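A, B, ... follow the sequence lines: proteins, then strands. Residue 1 opens every chain. Note that the structure is a prediction, hence the values are computed from the model and not measured.
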Amino acid sequence: MDKTYDHKTTEDRIYKMWEEAGAFKPFGSAHGKPFGSAHGKPFGSAHGKPFGSAHGKPFGSAHGKPFGSLPPEADKQGKPFSIIMPPPNANGELHLGHAIFVAVSDALIRYHRMRGEPTLWLPGVDHAGILTQVTFEKKLRKEQDKSRYDLGREEFVKQCYKFCMDNKMLMENQLRALGASCDWQREKFTMDPQISQLVLETFIKMHREGLVYRGFRIVNWCPRCRSTLADLELEWKEQEDQLYFVRYPKTWEEGYVIVATTRVEPIWLDTHLAVNPTDKKNLHLIGKNVKNPLTGKDMKIIGDEFVDPKFGTGVVKLTPAHDSKDYQVAIKHNIPIKNGIDFDGKLTSDAGQWAGLKTKVARQLISEYLSKNNLLEKIVPFKHEVAVCERCATTIEPLVSRQWFVSIKPLAKRATTAVETGKVKIIPKKYEAMYFNWMKNIRDWPISRQIWWGQQLPVWYGRSSQKTTEQIHEFELLKKGDTRSRTDVLESPIVSQDMPAGDDEYIQDPDTFDTWFSSGQWPVNTLKNSDTNDFKHFYPTTVMNTAYEILFLWVARMIMFGLYLTDEVPFQVALINGVLRDEKGQKMSKSKSNGINPNEAIAKYGADAVRMALLAGRDSGNDLLISKQQMEERIRGYRNFSNKLWNIGRFVSMQFTDGSPVDIPFYEDLVAARKTLHPQDRRILSQLTMQINRVTKALDNYNFGEATSSLYEFTWHTYADWYLENLKLRIRTYELEKKHEETAKTLSVMRYIYFTILKLLHPFMPFVTEEIWHLMPIESKNLLITASWPTRSED
RNA sequence: GGACUCGUAGCUCAGCUGGUAGAGCGUUGCAUUCACAUUGCAAAUGUCAGAGGUUCGAAUCCUCUCGGGUCCACCA
């Protein structure tokens, strides 16, 4: 063994060895197979001299049994443990946030595998609809100076697919580099044809049962993506705008009613103003009429509680089609709702001289017009929050459109109950409150997207059902594959997997599903789509480990879909990870380059060190605020720890290399003689028992910080600094006094403790522990990854 | 507006069901052919945000105040 542990020459080799031995399979052939057989070489040969043979005394050979406890026989009847990997988005590399879920999930997976349970970690990647489409569009613009329209839908989708596949490979390699012991043969992609098929079936089933419907209502529209977005897909950005105080001429006397608004561009569309009926100052206005300052048409003033008397002048204009609050009010008061802004974010042809202008331009021109005609009281600067597209940061244009919605209340009700009754536990518990709060206020979920990258809706329109000229016109456009046509004007959708039979001519709805509609079904669909009966064995899965950012987007939806599709929860525990932030509290991201790149960190310090740095001494459910530099120091600290562990290994094996005069007995054979052991040996043994119990309990409770830091403390400061230092002195004395039996007993204890430490550390530091395990002087041995988890009661 | 959460050593954070404070990094000494300088030994620093309450006893439970953060929601 070299003086320092070199992760660079170790990690790849070890990972390949695990994979080739089939160690990641839930019912693997690797279980119980002695190490080396997969390679057809005797143990240790890869590293030079097999220990012991040179000295003729491999320890344990005299007893003819393998060292340590028996390996687990993963038993098909045993209680399974399973995790479905949250599929990383197929649009880029992994960041350190992903490394958290690998560190956490892999620790659990390895722990349960060592306990002999059939253990499955199923990997996958997500096509990430809008996000990937936007990312790829940027790439397209940059590299080929083309838009998606230049490629056309078919070609665009083809290239998007390839883009995802390329990224997928990169991510797989990163997951391997981190040591993720997932079963690659079961890997899934959300756009796999079989997975997509199941997604469509779900939609059809929900439609049949009245859980999805097509509704005409206000939606969040991104003019750049040209698609609807759900509320959860918005971001709120503070913006410096202007508040225009617009004069509406009174009809019953001279003068104006003043309205404060940031949006003057749809004024021509407006037919009503509103005041709060409890507002004494403006109460008298209710029922009166003013003139629309742009069109001169009469506008009625109504009363509604929603108006804040303290804002502006206490009078608001209503633009029902382009403001969701106004929309609600309009429904309530039966005010006609008319679109004045189209899918491209331009004013419609009804806007007269402003027709066809982008809203931003129109705002400027209209304010100038108002000003010129003495209809503008004043303009004041105004800071407020504006909704933007989460993916491309374009300002959202609320508009009224016909979209597909999931009728969410019935699903939410069951999902709420599942958590209330503990069928799904959310850990840390604090997230349960957030979950309930969200479920309580949940609104129907728009699932149709007008983007190209995703599963296309199994919805068809027949030509004969289209009656108006507009409908027929759009039908023709769609038929020609015109991607700018409006689907939402078409009438009488038919929900069906295949094109409906019959004499009529049909076209398929070009819309795709919201990404989360498909990933919400992920645990069900990944397991169902297997030829190994995984659904039967592993559903409901045990743990879902992911970040809280997607608690609602994903976790909540999986619970809803899981219950809907299978009547069972999709997982028993939702284990929520905190996120990494920089010293200013900003989320770490590639674009801000305020975080450590996992590839570089692994290359420099090893995956074990990176994993430990993310787990040790912290609560993985909490955020970690840490600067790039401090993170690196942290990782270096655990690299040092791997090296310490390595050097302890060197010391341990050195005790056996120069042939002691007696065989070193197995610790197991010493149990009867326990009382004759030196007090220090007895003490370390009882501390080991406590340590085993502590780590086991911590893992059962998802306390990774506790498990890792107590192991760190025990290994370094108890075992190495205290026990081994004292042991050196004792051995010297024993040898001087020719008490070889005492030496043998002590070395046996020393070895037993060390091997147990390797096992306990393996879930957290898989590479270095596995490597040391193989370099330890023992003749026949299994892989550490499938060695059995230590248990110990006081002998 | 609603919900949640945090405030512990210079920094980043642990501290589970209440019993007079811990780690890592950093700082300061000392040690070096002995498994490891990616090391060892030793040392210093805290009215656990503030106030009140429950208790024999609170960083730990309750209330309030101050100060951060996050999430949800239709702020013109």
Base B:A3 to side chain A:K430, donor-acceptor N/O within 3.5 Å cut-off: no
Residue pair A:W445 / A:A230: nearest heavy atoms and the distance that separates them: CD1-CB, 4.3 Å
Can you give the donor-acceptor pairs under 3.5 Å from side chains of residues 375-390 of chain A to other protein atoms, not counting sequence neighbours?
from: A:E377; atom 1: OE1; to: A:R247; atom 2: NE; distance (Å): 2.8
from: A:E377; atom 1: OE1; to: A:R247; atom 2: NH2; distance (Å): 3.2
from: A:H384; atom 1: NE2; to: A:D241; atom 2: OD2; distance (Å): 2.8

Whole-Å gap separating P (B:U38) and CD1 (A:I635): 18 Å
Sugar-phosphate, base or nothing in reach of A:L624, heavy atoms under 4.0 Å: sugar-phosphate
Those residues that, when tested against A:R263, pass salt bridge (Lys or Arg N to Asp or Glu O under 4.0 Å) (two or more places apart): A:E265, A:E397
Sugar-phosphate only, base, or nothing, as touched by A:G617 at under 4.0 Å among non-hydrogen atoms: sugar-phosphate
Sugar-phosphate, base or nothing in reach of A:D308, heavy atoms under 4.0 Å: base
Interatomic distance at P, B:A51 relative to B:U8, whole Å: 16 Å
Span that lies between the P atom of B:A49 and that of B:C6, in whole angstrom: 12 Å
Atom CD of A:Q629 with >12 non-hydrogen neighbours under 6.0 angstrom: no
C1' gap between B:U65 and B:U55, integer Å: 23 Å
Interatomic distance where CG belongs to A:L724 and P belongs to B:C36 [whole Å]: 13 Å
Touch class at under 4.0 angstrom, heavy-atom based, for A:E633 against every strand present: sugar-phosphate
Comparing A:A433 and A:T262 on RNA chain B - which has the more 5′ nearest nucleotide: A:A433
Between B:C48 and B:A9 - C1' atom distance, rounded Å: 10 Å
Distance-only side-chain donor-acceptor flag, A:D681 / A:T746, under 3.5 Å: yes
Whole angstrom value for the distance that separates C1' of B:A23 from CG of A:L615: 15 Å
Sugar-phosphate only, base, or nothing, as touched by A:K317 at under 4.0 Å among non-hydrogen atoms: nothing
Letter per nucleotide, 5' to 3', of nucleotides 68-73 of chain B [B base touched, S only sugar-phosphate touched, - untouched; heavy atoms, 4.0 Å]: --SSSS
All side chain to side chain contact (heavy atoms under 4.5 Å, CB included) counterparts of A:N276, not counting sequence neighbours: A:T278, A:D279, A:V307, A:P309
Listed once per pair and sorted, the salt bridge (charged side-chain N to carboxylate O under 4.0 Å, His left out) pairs that draw on residues 314-337 of chain A, sequence neighbours left out: A:D270-A:K317, A:D304-A:K332
Integer angstrom distance from the P of B:A44 to that of B:A23: 12 Å
Atom of A:M439, atom of A:A412 and distance for their closest heavy-atom approach: SD-CB, 3.7 Å
Rounded distance in Å - CZ (A:R618) to P (B:A14): 8 Å
Close approaches to RNA chain B from residues 638-651 of chain A, in residue order (heavy atom, under 4.0 Å): A:R639, A:N640, A:N643, A:K644, A:N647, A:I648, A:R650, A:F651
Over 12 foreign heavy atoms within 6.0 Å of NZ, A:K300: no
Toward the 5' end of RNA chain B, by each residue's nearest nucleotide, A:E706 or A:Y712: A:E706
Nearest heavy-atom neighbours spanning A:M631 and A:A613: CE-CB, 3.9 Å
Flag if over 12 foreign heavy atoms under 6.0 Å of NZ, A:K697: no
Interatomic distance where CG belongs to A:D619 and P belongs to B:A14 [whole Å]: 6 Å
Separation of the P atoms in B:G68 and B:A73, to the nearest angstrom: 25 Å
Integer-rounded Å distance: B:C36 P and A:Q655 CD: 12 Å
A:D623 versus A:Y548, side-chain donor and acceptor atoms under 3.5 Å: yes
Using distance only, find each side-chain donor-acceptor pair of residues 712-719 of chain A under 3.5 Å and give its atom names and separation, not counting sequence neighbours.
from: A:T715; atom 1: OG1; to: A:L711; atom 2: O; distance (Å): 2.6
from: A:H717; atom 1: ND1; to: A:D721; atom 2: OD2; distance (Å): 2.9
from: A:Y719; atom 1: OH; to: A:M750; atom 2: O; distance (Å): 2.8

Structure string for RNA chain B in dot-bracket form, Watson-Crick and G-U at under 3.5 Å, | interchain: (((((((..((((........)))).(((((.......))))).....(((((.......))))))))))))....
Distance between P atoms of B:G50 and B:U27 (Å, rounded): 29 Å
Residues forming a salt bridge (Lys or Arg N to Asp or Glu O under 4.0 Å) with A:D514, sequence neighbours excluded: A:R449
Residue pairs passing the salt bridge (charged side-chain N to carboxylate O under 4.0 Å, His left out) test where at least one lies in residues 630-656 of chain A, sequence neighbours excluded: A:K604-A:E632
For nucleotides 27-30 of chain B, print each protein N/O atom paired with a nucleotide N/O atom at under 3.5 Å, atom names and distance only.
none

Set of salt bridge (Lys or Arg N to Asp or Glu O under 4.0 Å) partners for A:R732, sequence neighbours left out: none
Interatomic distance at C1', B:G46 relative to B:C11, whole Å: 14 Å
Residue-phosphate contact under 4.0 Å: A:H717 side-chain N/O, B:G24 OP1/OP2: yes
Sugar-phosphate only, base, or nothing, as touched by A:D721 at under 4.0 Å among non-hydrogen atoms: sugar-phosphate
Between C1' of B:C13 and CG of A:L614, the distance in whole Å: 14 Å
Interatomic distance, A:N220 CG vs B:C75 P [rounded to whole Å]: 11 Å
